[in-house]
Amino acid sequence: MSEPVRLKIVEGVAWLTISRPDKLNALDGEMVDAIVPACREIERSAAKVAILTGEGERSFCAGGDIDAWSNASPEAFGRHWVRDGHAAFDALARLAVPLIAVLNGHTLGGGLELAACADLRIAEAHVRIGQPETGLGIIPGWSGTQRAVRRFGPQLVRRMALFGHVYGAEEALALGLVDQVVATGEGRAAAEIAAAGVMKRSARATELTKMLINAAEGEESERVVEALAGAVAAASDELQEGLSAFRERRPARFGQ
């Protein structure tokens with residue numbers, strides 16, 4: 001049995017594939033739980049860019065699997081399904097490396113929330129994109145009213161989430177939901193070209209720039225500020241003096 005979330009790192013590119021094609025790549029609890037460790041593995045690898053896609057051509061991701069959450073108690077739904085999904089999607093959105101999403105099939109509900117985590121979205125020509133949750137009596141609970149609003153704008157999210165508008169690839173491009181449209185079956189190749197462009201750039205400067213953009217967007221201001229300040233402090237001679245003083249059981253002599 002194949003893994004529902006597969007990670008393969010090849011020549012500096014991390015390929016993360018949602019693989020449950022018989023369910024239109026709808027996410028269940030096991031798949032959500034697998035995203036965070038996959039992101040951690042990417043962070044600790046030599047990857048300079050990541051590509052996220054779905055298995056097959058019918059669906060990038062059809063969102064959360066209704067069978068996985070519909071029988072949960074309200075408490076379990078809020079405490080586990082929603083919060084675990086946020087933890088997984090936050091990990092994707094806050095990857096140190098740029099994330100490219102290949103929308104190789106329909107991108108609905110949680111699938112759009114998943115795509116919103118990416119820094120670049122490439123849609124194949126046949127895809128449909130929307131937020132159908134309120135038609136089921138539920139809300140877009142994996143940051144579909146938060147990150148999606150920051151990245152796509154509140155009025156566009158209103159059209160999808162409140163009025164049920166569903167967009168084709170070319171409409172999505174014109175509205176800013178996606179960054180590029182390619183022919184069906186050519187998404188992966190287009191992502192490889194984009195990834196090659198990223199890898200020609202300074203990895204460190206790219207990482208820092210992404211962190212700053214995320215901070216400006218309100219994605220992760222506190223972590224960015226402390227990570228940057230911590231790196232500056234860790235590079236100083238005073239840290240080495242402080243550690244030496246601690247190990248030698250003597251007062252630190254800073255600035256002497």
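All values below were derived from every heavy atom in this structure, side-chain atoms included, with hydrogens, water molecules and symmetry-related copies excluded.
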Over all heavy atoms of both residues, which pair between Ala169 and Val178 is shortest? Give the atoms and the distance, please. O-CG2, 4.1 Å
Rounded distance [0.5 Å steps], CD in Glu30 versus CD in Glu3: 9.0 Å
Give me the atom names and distance for the closest heavy-atom approach of Ala115 to Thr107. CB-CG2, 4.1 Å
Side chains of Glu220 and Asn214: any donor to acceptor distance under 3.5 Å? yes
With hydrophobic residues grouped by side-chain heavy-atom distances under 4.5 Å, do Val13 and Ile35 end up in a single group? no
hydrophobic_cluster_shared for Leu175 and Met160, side chain cutoff 4.5 Å: yes
Give a yes-or-no answer on whether the side chains of Asn25 and Ser59 include a donor-acceptor pair shorter than 3.5 Å. no
So, does Glu124 use its side chain to make a donor-acceptor pair with the main chain of Gly187 at under 3.5 Å? yes
So, the side chain of Glu219 versus the backbone of Arg94: is there a donor-acceptor pair under 3.5 Å, distance only? no
Can you tell me if Ser244 uses its side chain to pair, donor with acceptor, with the backbone of Gln240 under 3.5 Å? yes
Return yes if some donor-acceptor pair links the side-chain N/O of Glu43 with the main-chain N/O of Ala96 below 3.5 Å, else return no. yes
Among Ile122, Ile100, Val102, exactly one meets side-chain contact (heavy atoms from CB on, under 4.5 Å) together with Gln180. Which residue is that? Ile122
Donor-acceptor check, side chain of His106 to backbone of Arg128, threshold 3.5 angstrom: yes or no? yes
Shortest non-hydrogen contact from Glu171 toward Tyr167: OE1-CA, 3.6 Å
Ignoring hydrogens and angles, tell me if any N or O in the side chain of His126 forms a donor-acceptor pair with the backbone of Gly168 under 3.5 Å. no
Is any side-chain heavy atom of Met31 less than 4.5 Å from a side-chain heavy atom of Asp28? yes
How long is the span from the CG atom in Asn104 to the CZ atom in Arg58, to the nearest 0.5 Å? 12.5 Å
Is the backbone N or O of Gly141 less than 3.5 Å from a side-chain atom of His86, with the two atoms forming a donor-acceptor pair by type? yes
What one should report as the nearest heavy-atom pair of Leu99 and Cys117 is CD2-O, 3.9 Å
For Glu217, is the CD atom crowded, meaning more than 12 foreign heavy atoms sit under 6.0 Å from it? yes
In terms of side-chain geometry, is the basic nitrogen of Arg6 or Glu55 positioned less than 4.0 Å from the acidic oxygen of its partner? yes
Ring of Trp142, cation from Arg83 - is the NZ or CZ under 6.0 Å from the centre and inside 45° of the axis? no
Under 4.5 Å between side-chain heavy atoms, counting indirect links through other Ile/Leu/Val/Met/Phe/Trp/Tyr residues: same cluster for Phe152 and Leu173 or not? yes
When you measure from the side chain of Arg158 to the backbone of Phe163, do you find a donor-acceptor pair of N or O atoms at a distance under 3.5 Å? no
Report yes if some heavy atom in the side chain of Val82 is under 4.5 Å from a heavy atom in the side chain of Asp84; otherwise report no. no
Derivation and outcome, side-chain contact (heavy atoms from CB on, under 4.5 Å), residues Thr145 and Ile139: CA-CA 9 Å; Thr145 63; Ile139 68 160; 5.8 Å; no
Mind checking the CD-CG spacing from Glu248 to Leu243? Nearest 0.5 Å is all I need. 10.5 Å
CZ of Phe89 to OG of Ser143, rounded to nearest 0.5 Å, is 9.5 Å
Using modelled atom types and a 3.5 Å cut-off, is there a donor and acceptor pairing between side-chain atoms of Ser45 and backbone atoms of Ile42? yes
Is the CZ atom of Arg44 crowded by more than 12 outside heavy atoms at less than 6.0 Å? no
Is Glu11 salt-bridged to Lys48, cutoff N-O under 4.0 Å? no
Does the side chain of Leu108 reach to within under 4.5 Å of the side chain of Gln131, using non-hydrogen atoms? no
Kindly give the heavy-atom pair with the smallest separation between Ala245 and Ala252, and that separation in Å. CB-CA, 3.6 Å
Quick check on the hydrophobic clustering: are Val49 and Leu212 connected, directly or via other members, by side-chain heavy-atom contacts under 4.5 Å? no
Evaluate Lys23 against Asp67 for side-chain contact (heavy atoms from CB on, under 4.5 Å), listing each step before the verdict. CA-CA 11 Å; Lys23 294 289 188 178; Asp67 290 337; 4.3 Å; yes
Cluster question for you: counting only ILVMFWY and a side-chain heavy-atom cut-off of under 4.5 Å, with indirect links fine, are Leu156 and Leu120 together? no
Any Arg121 side-chain heavy atom under 4.5 Å of Leu177 side chain: no
Any idea which heavy atoms bring Ala125 and Val181 closest together, and the distance? CA-CG1, 4.1 Å
Are there over 12 heavy-atom neighbours, none belonging to Lys210, within less than 6.0 Å of that residue's NZ? yes
Assess whether atom CG of Asp22 is packed by more than 12 heavy atoms of other residues, nucleotides or ligands within 6.0 Å. yes
Assess whether side-chain contact (heavy atoms from CB on, under 4.5 Å) is satisfied between Ser19 and Val5, documenting all intermediate values. CA-CA 6 Å; Ser19 181; Val5 176; over 6 Å; no
Kindly check if the number of other-residue, nucleotide or ligand heavy atoms within 6.0 Å of CZ (Arg201) is above 12? no
Value rounded to 0.5 Å, distance of CG in Leu16 from CG in Leu95: 8.5 Å
With side chains defined as the heavy atoms from C-beta onward, is the minimum distance between Leu92 and Leu114 less than 4.5 Å? yes
Could you check whether any side-chain N or O of Ser202 sits under 3.5 Å from a backbone N or O of Ala205, counting only pairs where one atom can act as donor and the other as acceptor? yes
Walk me through whether Thr17 and Leu7 qualify under side-chain contact (heavy atoms from CB on, under 4.5 Å). CA-CA 7 Å; Thr17 303; Leu7 175 62; over 6 Å; no
If I take atom CZ from residue Arg147 and atom CD from residue Glu113, how far apart are they, to the nearest 0.5 angstrom? 9.0 Å
